[in-house]
Amino acid sequence: MLLKTFGWSFAVTALALVAAVFYGGWTAFGLVAILAVLEISLSFDNAVVNAGILKKMNAFWQKIFLTVGVLIAVFGMRLVFPVVIVAVSASMGPIEAVDLALTDKDRYQQLVTDAHPSIAAFGGMFLLMIFLDFIFEDRDIKWLGWLERPLAKLGKVDMLSVCIALVVLLIASLTFAAHAHQHGGVHADKAETVLLSGIAGLVTYMLVGGLSGHFENRIEEDEEREQEEQGEAERTGKPRSAVALAGKAAFFMFLYLEVLDASFSFDGVIGAFAITNDIVVMALGLGTGAMYVRSLTVYLVRQGTLDDYVYLEHGAHYAIGALSVILLVTIQYEINEVITGLIGVVLIGASFLSSVRRNKALAKEEESGGPGGPDKEKAGVPVRS
């Protein structure tokens, strides 16, 4: 099972490391390995959240996620995306941008760094909306009940998450503008771009997330209809194609997953420049890490890990909230990538330990044959509100 799920990741790792040695010697080999670890540590929460979405999709779309999705993640976000940023920000053609990335790496790095405020605003707002919609939803299973119960009640107010996100964006853009004017106005013209980029992130979330949510609500109807059609196909001897079995819901959820992955990759791409400004080494390292994140997502789905450790999804969403805040803060201030990675690891680790304690409490309850009494919530057993 492990080899089957991670086999392609192992193969890509070997090829990437060999390519690194041929490209830049053992120095490049070490940098690719470091970048791969960086990407995995920064995106572990991404894998947990993705798994929660991917488990609702059939085997065909899980394969698409691991094939076409990987091409988008590795080549699109880790290789093409930085080049597009440079081309747009410097008003140059894509060929010129690629040439700049290969021949003038310092200038290329500077242009990507200059575009960081806009990137952080877009990604930060998209991830913030994911976090807000999660914590404002009333759930049967609660990890931090003292916090999640009152937030679930507040979530009954229509459009509350959108209002909060817009207030946060306004504060971030005004703070950035004030800081820019205070220091000579060097970046004052980018304050408006930050605001527009943040709004674009919000609109993207509402559009893609709304469409995926709309079709997700119809999954059960689609499944019932597809089962009937599959039975008819078996009777007539005309099997249906895998694409037909996938349905519209899976397609839009796949689009949602790709946008989500793109938002998660922003911090990894920008953080990679602290290690190297070589676009080839960066693509090899981050691409390798992205492969493991994809494989881990599928592994979590097939092992049923989210069902066994029910607080993992909570921890991942809290990590998303932390990452969104960090991205918005980095519009103006620099934050070390190690801190970003550690916050996610700590939150997910804490949710995992809470899940283990919950499972032990449930097992003990089954052995004793009792309901658990008033100490049920203290033991980590989910309570219904």
Side-chain angles (χ1 to χ4, degrees), residues 1-2 5 40 43-58 62 65 127 129-156 161 209 212-213 216-217 219-220 223 253 256-257 260 264 293-324 343-385:
M1 176 64 182
L2 190 65
T5 306
I40 295 170
S43 301
F44 186 80
D45 46 356
N46 188 11
V48 177
V49 174
N50 283 354
I53 301 171
L54 196 66
K55 69 180 181 180
K56 303 172 185 176
M57 300 162 69
N58 63 18
Q62 290 182 11
F65 180 73
L127 296 178
M129 283 299 300
I130 293 174
F131 170 67
L132 291 175
D133 278 352
F134 180 84
I135 62 172
F136 285 141
E137 183 178 344
D138 191 9
R139 301 173 181 278
D140 290 338
I141 295 178
K142 295 177 174 61
W143 180 31
L144 305 177
W146 58 271
L147 176 63
E148 294 172 12
R149 270 190 294 274
L151 288 176
K153 293 179 180 179
L154 285 175
K156 295 178 181 178
S161 58
S212 64
E216 184 179 347
N217 292 333
I219 283 181
E220 291 184 3
E223 287 179 345
M253 280 194 287
Y256 178 75
L257 277 173
L260 179 62
F264 270 102
V293 173
R294 295 277 160 146
S295 297
L296 180 60
T297 299
V298 175
Y299 180 79
L300 291 174
V301 171
R302 293 176 179 171
Q303 291 293 104
T305 304
L306 296 185
D307 295 328
D308 294 335
Y309 303 96
V310 295
Y311 299 139
L312 270 181
E313 197 168 1
H314 292 72
H317 278 87
Y318 281 111
I320 286 176
L323 178 58
S324 67
I343 289 176
V345 170
V346 168
L347 287 170
I348 292 175
S351 64
F352 174 77
L353 292 176
S354 295
S355 299
V356 171
R357 287 197 296 270
R358 168 191 177 273
N359 293 343
K360 288 182 178 178
L362 288 175
K364 185 179 295 185
E365 177 186 317
E366 289 180 1
E367 290 177 1
S368 62
D375 293 331
K376 189 176 184 180
E377 184 176 357
K378 291 181 181 179
V381 180
V383 295
R384 297 182 183 272
S385 55

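Not a single salt bridge (charged side-chain N to carboxylate O under 4.0 Å, His left out) links D308 to another residue, sequence neighbours left out. Every residue meeting the side chain to side chain donor-acceptor pair (under 3.5 Å) condition with S161, not counting sequence neighbours, appears here in chain and number order: D133. Applying the side-chain contact (heavy atoms from CB on, under 4.5 Å) rule to S324 yields the partners L127, L128; only residues at least two apart in sequence or on another chain are considered. Considering only residues two or more places apart in sequence or on other chains, A322 meets the side-chain contact (heavy atoms from CB on, under 4.5 Å) condition with I343, L347. Checked against side chain to side chain donor-acceptor pair (under 3.5 Å), E148 has the following partners two or more places apart in sequence or in another chain: Y318. For the side-chain contact (heavy atoms from CB on, under 4.5 Å) test, residues two or more places apart in sequence or in another chain that qualify with V356 are Y309, F352, K360. Remark: S295 engages S9 in a side chain to side chain donor-acceptor pair (under 3.5 Å) (not counting sequence neighbours). In this view, F136 satisfies the ring pair (Phe, Tyr, Trp, His ring centres under 6.0 Å) rule with no residue, not counting sequence neighbours.
Side-chain contact annotation: S354 with W143, donor-acceptor N/O pair under 3.5 Å present.
Of all non-hydrogen atoms in L312 and V48, the two that sit nearest each other are O-CG1, 3.6 Å. Nearest heavy atom pair, residue F134 against residue R139, reads CD1-NH2, 2.8 Å. Considering all non-hydrogen atoms of both residues, V310 and D307 come closest at CG1-O, 3.5 Å. Smallest separation of non-hydrogen atoms from L296 and A47: CD2-CB, 3.9 Å.
From R358, atom CZ reaches atom CD of E365 across 10.0 Å, with rounding to the nearest 0.5 Å. To the nearest 0.5 Å, the span separating CD on E367 from CG on L362 amounts to 11.5 Å. Rounded to the nearest 0.5 angstrom, I135 CD1 and L154 CG are separated by 9.0 Å. Distance check: L151 CG to W146 CH2 gives 9.0 Å after rounding to the nearest 0.5 Å. Distance check, rounded to the nearest 0.5 Å: NE2 of H317 to CD1 of I348 gives 11.0 Å. Here the straight-line distance linking atom OG of S351 with atom OH of Y311 works out to 10.5 Å at 0.5 Å rounding.
Exactly one of L144, D140, D138 qualifies for a side chain to side chain contact (heavy atoms under 4.5 Å, CB included) with K142. That residue is D138.
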